[in-house]
Structures are given as C-alpha cells and as structure tokens.
Visitor: 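Got a structure here, written out as structure tokens. Questions coming.
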Amino acid sequence: SRFSPMLAAVVRPWGDSVALFGNYTEGMEPGQVVGVTYANAGDVLGPRVSKQMELGVKFQTGELAHAVSAFQIERPSFITDPANRLVDDGEQRLRGVEWSVYGKLTQSLSVLGGVAHIKSEQRNTGKDTYGTPGLRARLGLDWNTPLPGLTVGGRVHYTGKQWADSGNRLRVPAWKRLDLTTSYATKIASTPVRFNASVENVTDKKYWIGTFGDGFVMVGAALGSGIARRRRHGFGGGERGRQQQGEQAGQRAGHRRGRFCGGAADDNRCARSATAPRARRGAGVQPRASSRRRVRHLAEPPALRNLSI
C-alpha cells in the first residue's frame with residue numbers, strides 16, 4: 001500500500017465570474033505482465049507512481065465558460081531496450097497548456113471544444129515520449145432545431161503527429177475526423193426519455209489513431225453509426241440542466257489529462273496524449289485483433305478487414 005496525496009485549491013478574488021485554481025496529485029498505475037512479443041515475456045513489471053501539477057483560471061464571457069491551464073506530469077514508463085525486453089527504465093515529463101470552452105453561442109446553438117499543446121520528453125534518453133501528440137483539438141456544435149426536443153450536431157477532432165516508439169524512429173501522421181450526432185428528447189408513459197444517434201468518421205477516413213504500447217499502432221474506426229436510448233434523470237431541464245451537463249463535460253475533459261501517456265487512450269492515465277484505448281498486453285484486457293499491429297514502417301492504414309496481429 002502507498003499513500004497518494006491529492007491537494008487542490010480554488011480562489012475567487014473578483015467574484016463568481018473568475019476562479020483561480022491549482023492542484024497537485026500523485027497516483028499509482030498498475031503494473032503489467034510482459035507480452036509474448038518481448039524477450040522477457042511473462043515478467044511482471046511493478047506499479048508506477050505519477051505526479052501531476054496544474055495551475056489555471058476559469059472565467060465567463062457572456063454565455064461561454066472558459067478554462068485555461070498549464071500543467072506538468074512526471075511518471076516512469078515502460079520502454080523496449082536494445083535486447084527487445086520491456087523494462088521499467090523510462091522517465092517521462094510532459095508540460096503543456098490547455099484551453100477549453102463550453103456554452104451557448106446563440107439561443108439555439110451551443111459549443112463545446114478545446115485545444116491542448118504538449119511538450120513531452122523521455123528524461124533518461126532526451127527523446128520525445130511516444131504516443132503523445134504535440135497538438136490536440138476538438139470542436140463540437142449542437143443546434144436545437146425548431147422541432148421541440150430535436151438536437152443535431154457535429155464534432156471535429158484533430159490530433160497532431162506523434163511518435164510510435166520510444167526510439168523515435170516511427171512517426172504516426174496527424175489526423176482529423178468528422179462525427180455527426182443527433183438526439184431527441186420526449187416522454188414515454190410520463191417518463192423523460194432521450195434517444196441518441198451518431199455517425200462516426202463520416203468521411204470514412206483511414207488513419208492511425210495512436211499507439212498501443214512501444215512500437216504498436218492502432219487503426220482508427222471506420223465509418224460507423226450507433227443509437228442509444230436513456231432515461232433522463234439527475235439533470236433538470238432548461239438552461240440550468242444544460243449548464244450542469246456542460247460543467248460535467250468540462251470536468252470530464254479536465255480529468256482525461258491523467259489518462260494519456262505513451263500508449264494510453266483517446267476519450268477515456270498519466271499524460272495528455274491522444275492515443276489508442278488503454279489496454280495492456282498480457283494484462284487480461286486486449287483490443288480487437290483487427291485493430292492493432294506492430295509496425296516497422298507506417299503507410300496508409302489498410303482496410304480493417306485486412307488487418308491481422
């Protein structure tokens with residue numbers, strides 16, 4: 001066992017419209033069993049301790065809420081040595097700045113977006129941290145249509161180029177993606193219900209979404225769609241309900257910064273990279289075989305049906 005401190009402070013020197021904040025956190029990440037692709041397959045690597053510091057300001061401009069922050073994250077990392085062994089011999093430091101915004105542009109048009117710039121470094125080698133793009137941005141718009149309860153929207157995602165391996169020999173190209181969403185809120189037998197539908201990667205773009213461990217890359221999802229139904233509870237209606245949802249979305253965006261470091265994941269813990277889902281080789285959680293590949297060079301991603309381990 002280990003004590004993991006977490007400290008945070010918020011100061012509002014000029015009223016409720018401006019808040020200064022800072023935090024310091026130490027956290028533990030579980031170790032992993034080395035996978036069969038390494039010379040030391042089966043070895044158990046111990047847990048890692050990461051440290052994060054952040055300073056920032058939140059402020060309001062009209063109907064828009066902004067957050068600007070600077071952060072630093074330090075953590076050990078697993079790297080591949082010249083003998084093709086996965087070892088706990090790396091040390092990462094990530095420094096960056098981030099701006100996020102959510103709120104209403106007009107009475108019927110809402111926005112949620114942000115941009116983050118990260119400088120990453122492997123302290124023991126001087127090379128950049130793999131799986132950590134220097135720039136990541138997202139912009140989403142939602143339009144409340146004249147039809148009561150119907151909302152349509154879109155999301156644009158951009159992820160800058162990133163290294164695929166700790167030796168900085170393979171670079172994953174930058175990519176961008178367009179998603180479309182819609183939702184319809186109604187009542188069924190007096191119970192509030194919301195139907196959500198989405199189309200991801202509308203242009204069916206082929207791209208490498210990020211890394212899965214040292215030297216592994218993952219293919220981005222092809223054109224796809226989904227639909228879901230959920231009962232509404234917890235949030236009120238009207239302006240306050242939308243504000244609460246925006247606040248939670250902003251909190252989730254802030255919390256995600258701990259999820260990303262060489263080889264961690266996109267929307268859902270150690271640095272702010274935009275990489276592939278955070279499963280680990282040999283740790284009992286594996287991505288679909290069709291979505292991962294160890295590479296010696298990077299070209300245009302093949303069709304998903306042609307992928308193999």
Side-chain angles (χ1 to χ4, degrees), residues 1-8 22-38 40-54 69 71-81 85-96 98 116 118-125 127-133 136 159 162-167 172 209-218 251-287 291-292 294:
S1 64
R2 183 184 186 277
F3 174 71
S4 298
M6 181 176 64
L7 303 174
N23 61 73
Y24 173 81
T25 306
E26 292 185 11
M28 293 190 66
E29 297 178 76
Q32 72 178 71
V33 178
V34 178
V36 296
T37 57
Y38 295 100
N40 60 332
D43 287 358
V44 179
L45 304 180
R48 298 172 290 179
V49 178
S50 61
K51 301 177 181 180
Q52 174 179 308
M53 296 178 289
E54 182 180 25
S69 63
F71 58 90
Q72 175 176 293
I73 301 170
E74 295 180 340
R75 75 188 287 254
S77 62
F78 301 138
I79 61 174
T80 305
D81 68 9
R85 298 180 307 153
L86 187 66
V87 295
D88 186 6
D89 197 30
E91 182 183 355
Q92 300 177 5
R93 183 181 70 187
L94 296 99
R95 291 175 171 172
E98 182 181 40
I118 303 171
K119 173 61 179 175
S120 64
E121 181 184 9
Q122 301 177 46
R123 302 295 300 282
N124 55 318
T125 64
K127 298 181 182 295
D128 292 340
T129 303
Y130 73 90
T132 307
R136 184 174 184 235
T159 296
Q162 57 190 284
W163 292 107
D165 66 309
S166 57
V172 179
I209 193 172
T211 64
F212 172 71
D214 191 354
F216 284 80
V217 293
M218 292 188 70
Q251 291 168 0
R252 288 193 297 269
H255 292 166
R256 278 195 296 272
R257 84 174 44 97
R259 302 182 180 179
F260 305 120
C261 262
D266 178 28
D267 215 312
N268 268 282
R269 254 237 68 131
C270 141
R272 300 188 188 191
S273 70
T275 58
R278 186 188 174 190
R280 289 189 172 88
R281 289 187 298 271
V285 180
Q286 296 287 348
S291 64
R292 62 176 180 147
R294 189 161 196 173

Visitor: Distance only, no hydrogens: is a donor on one side chain within 3.5 Å (strictly under) of an acceptor on the other, for E91 and N124?
Guide: no
Visitor: Can you give me the closest heavy-atom contact between V172 and A164, atom names plus distance?
Guide: CG2-CB, 3.8 Å
Visitor: Locate the shortest heavy-atom distance separating P76 from V49; write the atom from each residue and the value.
Guide: CD-O, 3.0 Å
Visitor: Under the side-chain contact (heavy atoms from CB on, under 4.5 Å) rule, collect the residues that match up with D81, sequence neighbours excluded.
Guide: A83, R85, V87
Visitor: How far apart are the closest heavy atoms of L94 and S120, and which atoms are they?
Guide: CD2-CB, 3.8 Å
Visitor: Is there side-chain contact between Q162 and T129, with at least one heavy-atom pair below 4.5 Å?
Guide: no
Visitor: Counting C-beta onward and ignoring hydrogens, is there a side-chain heavy-atom pair between W163 and T211 closer than 4.5 Å?
Guide: no
Visitor: Heavy atoms only: give me the nearest E54-S69 pair and the separation to one decimal.
Guide: OE2-OG, 3.0 Å
Visitor: Are side-chain heavy atoms of D43 and Y38 found at a separation under 4.5 Å?
Guide: no
Visitor: Before giving the answer on side-chain contact (heavy atoms from CB on, under 4.5 Å), spell out for I118 and F71 the whole-Å C-alpha distance, their side-chain angles and the decisive distance to 0.1 Å.
Guide: CA-CA 9 Å; I118 303 171; F71 58 90; 4.1 Å; yes
Visitor: Show the nearest heavy-atom pair for residues S4 and M28, with the distance to one decimal.
Guide: OG-CG, 4.1 Å
Visitor: Using a 4.5 Å cut-off on heavy atoms from C-beta on, say whether the side chain of N23 contacts that of Q52.
Guide: yes
Visitor: Run Q32 and L86 through side-chain contact (heavy atoms from CB on, under 4.5 Å) and show every step you take.
Guide: CA-CA 10 Å; Q32 72 178 71; L86 187 66; 3.5 Å; yes
Visitor: Please report the interatomic distance CZ(R95) to CD(E121), rounded to the nearest 0.5 Å.
Guide: 8.5 Å
